[in-house]
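Read the numbers this way: they start at 1 and go in the same order the structure lists the ligands and their atoms.
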Amino acid sequence: MRQKRKFSSANFTDGESSGIPTLFSVSEQGQKLLDEVKRSGSRARFVIDFDGNNLHAHLEATPKIQQLAVDLKLQFRSELITDGYNIRVVDFSRIHGVEAADLDKLAEALELKNGASVLDLMCGYGEVSAHVLGYAKRSDISIDLSMCDLHKTQLDRIPQNIKSQVSNVTIGDARDLPYPDAQFDAIAIKMGIHEVPQIDQPLIFQQVFRVLKPGGRFVIWGVMSNSGPEQDAFTEQIQKKNELPGYESLIVDRYFTRGEQMLWLFKEAGFINIEDIFQAHFHESTLARLDSELGGDRHKLEELNAFVRRCTPDSIRKEVDFKDEGDSISMKIPNRIFRGFKPE
Ligand SMILES: C[S@@+](CC[C@H](N)C(=O)[O-])C[C@H]1O[C@@H](n2cnc3c(N)ncnc32)[C@H](O)[C@@H]1O
């Protein structure tokens with residue numbers, strides 16, 4: 001039921017200049033209300049009014065629309081929250097220990113051919129695009145690359161030499177892709193699925209399935225724990241790491257799947273020939289976060305390290321190659337590349 005929600009974003013393009021960036025999700029029942037607004041040619045305003053003491057919320061619409069909202073038993077939810085990706089400016093190759101050879105494996109998995117239409121989704125500042133373009137050039141293949149991410153702050157960081165080689169850079173939510181059906185031959189998401197809540201993750205797979213051509217490839221690179229205890233310890237550590245610099249939306253939204261859950265997501269959306277094609281290791285080191293995410297604050301690093309010691313049970317320390325060197329606590333969580341195909 002929740003997975004039939006529709007997402008809309010507003011003001012993500014211009015940031016604060018034209019209003020607060022807003023993500024609006026509408027349930028299946030809620031869509032009936034919006035459909036009626038559209039059908040009747042009227043307008044609806046959801047108003048939240050704060051007069052310094054009290055909060056009032058109401059729906060400004062025709063009496064008929066208001067009655068429909070009552071009949072549908074709708075509830076309006078909202079949240080004023082710090083958007084982590086508007087403030088998080090980090091170099092993933094440094095904090096995740098990503099290696100160029102691994103990125104080539106991802107590019108290879110896309111099975112690029114001359115003229116292929118490719119999407120780097122949840123692209124951030126374009127690490128994947130840079131490698132895919134380099135790989136295509138070395139292989140003497142010409143491709144048509146698109147880039148999409150929800151946050152302008154991240155897209156603004158794409159180097160000019162990458163921007164100049166791609167066909168478009170688009171602001172969009174992976175849960176409601178701004179592309180027509182059957183547009184792409186291959187789509188890659190690196191370190192992105194975990195950015196949306198577990199309940200929303202199937203939506204990304206459904207949307208990718210929709211915009212892929214028949215026979216198209218969907219390649220995912222993600223952190224995928226092997227077991228529940230490993231997943232819990234890693235998630236708790238990352239939650240704390242996000243709390244210290246104030247990345248509130250990341251704390252609320254993120255869900256890191258286990259490998260088996262990722263397989264299920266592919267299958268449920270209709271992908272076939274799903275393969276676990278490569279396993280690298282994600283090197284999580286608390287010290288690597290000091291300058292990039294903790295603002296160089298050693299007290300925060302100590303707080304993070306104390307937390308990590310407490311939340312990593314002895315039973316999994318061997319499995320994740322847990323190393324405590326005082327300042328730096330590191331562990332290795334499987335980083336895998338999965339691929340699925342949209343049937344011909
Ligand atoms: C961990 S970063 C990875 C960026 C890039 N794929 C890489 O590996 O370098 C996750 C990215 O997902 C983007 N993102 C978060 N939620 C999103 C959503 N709902 N739709 C599209 N992009 C989203 C963030 O803005 C961020 O750039």
Quiz item: Any idea which protein heavy atom is nearest atom 9 (O) of ligand 1, and the distance to it?
Solution: Phe92 CD1, 3.4 Å
Self-check item: Per-atom contacts, ligand 1 versus Gly124 - under 4.0 Å to a heavy atom
Solution: 4 (C), 27 (O)
Quiz item: Cys123: heavy atom below 4.0 Å from ligand 1, yes or no?
Solution: yes
Practice problem: Find all atoms of ligand 1 within a distance of less than 4.0 Å from any non-hydrogen atom belonging to His151, and give their numbers and elements. | Solution: 24 (C), 25 (O)
Practice problem: Output the list of atoms in ligand 1 that are nearer than 4.0 Å to some heavy atom of Glu127, sorted by atom number. | Solution: 9 (O)
Quiz item: With a 4.0 Å cut-off on heavy atoms, is Cys148 touching ligand 1?
Solution: no
Quiz prompt | Test item: side-chain donor near acceptor, Gln239 and Tyr247, under 3.5 Å | solution = no
Quiz item: Identify the closest protein heavy atom to atom 20 (N) of ligand 1: which residue and atom is it, and at what distance?
Solution: Ala174 N, 2.9 Å
Practice problem: For atom 7 (C) of ligand 1, find the nearest protein heavy atom and state the residue, atom name and distance (0.1 Å precision). | Solution: Lys190 NZ, 3.6 Å
Quiz prompt | Closest protein heavy atom (residue, atom, distance) for atom 15 (C) of ligand 1 | solution = Glu195 CB, 3.7 Å
Quiz item: atom 17 (C) of ligand 1: which protein heavy atom is closest, and how many Å away?
Solution: Met122 CE, 3.5 Å
Self-check item: Residue among Asn305, Asp324, Asp327 satisfying side-chain hydrogen bond (donor to acceptor under 3.5 Å, both in side chains) with Thr286
Solution: Asn305
Practice problem: Return a yes/no value for Arg254: is any of its N or O atoms, backbone included, closer than 3.5 angstrom to an N or O of ligand 1? | Solution: no
Quiz item: Any ion pair linking Glu108 and Lys105 (charged N to carboxylate O, less than 4.0 Å)?
Solution: no
Quiz item: Considering only heavy atoms of Gln154, which atoms of ligand 1 have at least one such atom less than 4.0 Å away?
Solution: 25 (O), 27 (O)
Practice problem: Could you pull out, from Asn86, Asp173, Asp200, the option with a heavy atom nearest to atom 19 (N) of ligand 1? | Solution: Asp173
Exercise. Could you tell me whether Arg88 and Glu293 have a side-chain N and a carboxylate O separated by less than 4.0 Å?
Key: yes
Quiz item: Does NZ or CZ of Arg175 lie under 6.0 Å from the centre of the six-membered ring of Phe7, at an angle within 45° of the ring axis?
Solution: yes
Quiz item: Rounded to the nearest 0.5 Å, what separation is found between the CG atom of Leu23 and the CD atom of Glu79?
Solution: 10.5 Å
Quiz item: Do Phe205 and Phe266 make the cut of ring centroids closer than 6.0 angstrom?
Solution: yes
Practice problem: Check each of Phe278, Tyr135, Trp221 against Leu106 using the side chain to side chain contact (heavy atoms under 4.5 Å, CB included) test, and report the only one that passes. | Solution: Trp221
Quiz item: Looking at ligand 1, does any of its N/O atoms fall within less than 3.5 Å of an N/O of Val128?
Solution: no
Practice problem: Look only at interatomic distance and state if Val196 has a nitrogen or oxygen under 3.5 Å from any nitrogen or oxygen of ligand 1. | Solution: no
Exercise. Please could you name the atoms of ligand 1 that Met191 approaches to less than 4.0 Å, counting only its heavy atoms?
Key: 1 (C), 2 (S), 3 (C), 10 (C)
Exercise. Report the nearest protein non-hydrogen atom to atom 22 (N) of ligand 1: residue, atom name, distance rounded to 0.1 Å.
Key: Leu150 N, 3.3 Å
Quiz item: Does Lys332 come within less than 4.0 Å of Glu284, counting only side-chain N to carboxylate O?
Solution: no
Self-check item: Check: Tyr125 N/O within less than 3.5 Å of ligand 1 N/O
Solution: no
Quiz item: Looking at Arg317 and Asp314, does any basic side-chain N land under 4.0 Å from a carboxylate oxygen?
Solution: yes
Quiz item: Does Asp149, backbone or side chain, put an N or O under 3.5 Å from an N or O of ligand 1?
Solution: yes
Quiz prompt | Distance-only N or O hit between ligand 1 and His194, under 3.5 Å | solution = no
Practice problem: Number the atoms of ligand 1 from 1 as they appear, then name those within less than 4.0 Å of a heavy atom of Gly172, with their elements. | Solution: 20 (N), 21 (C)
Practice problem: Could you tell me whether Phe218 and Phe209 have their ring centroids closer than 6.0 angstrom? | Solution: no
Quiz item: Taking C-beta and beyond as the side chain, do Asn335 and Gln279 meet within less than 4.5 Å on heavy atoms?
Solution: no
Quiz prompt | Phe256 and Phe234 aromatic centres sub-6.0 Å | solution = yes
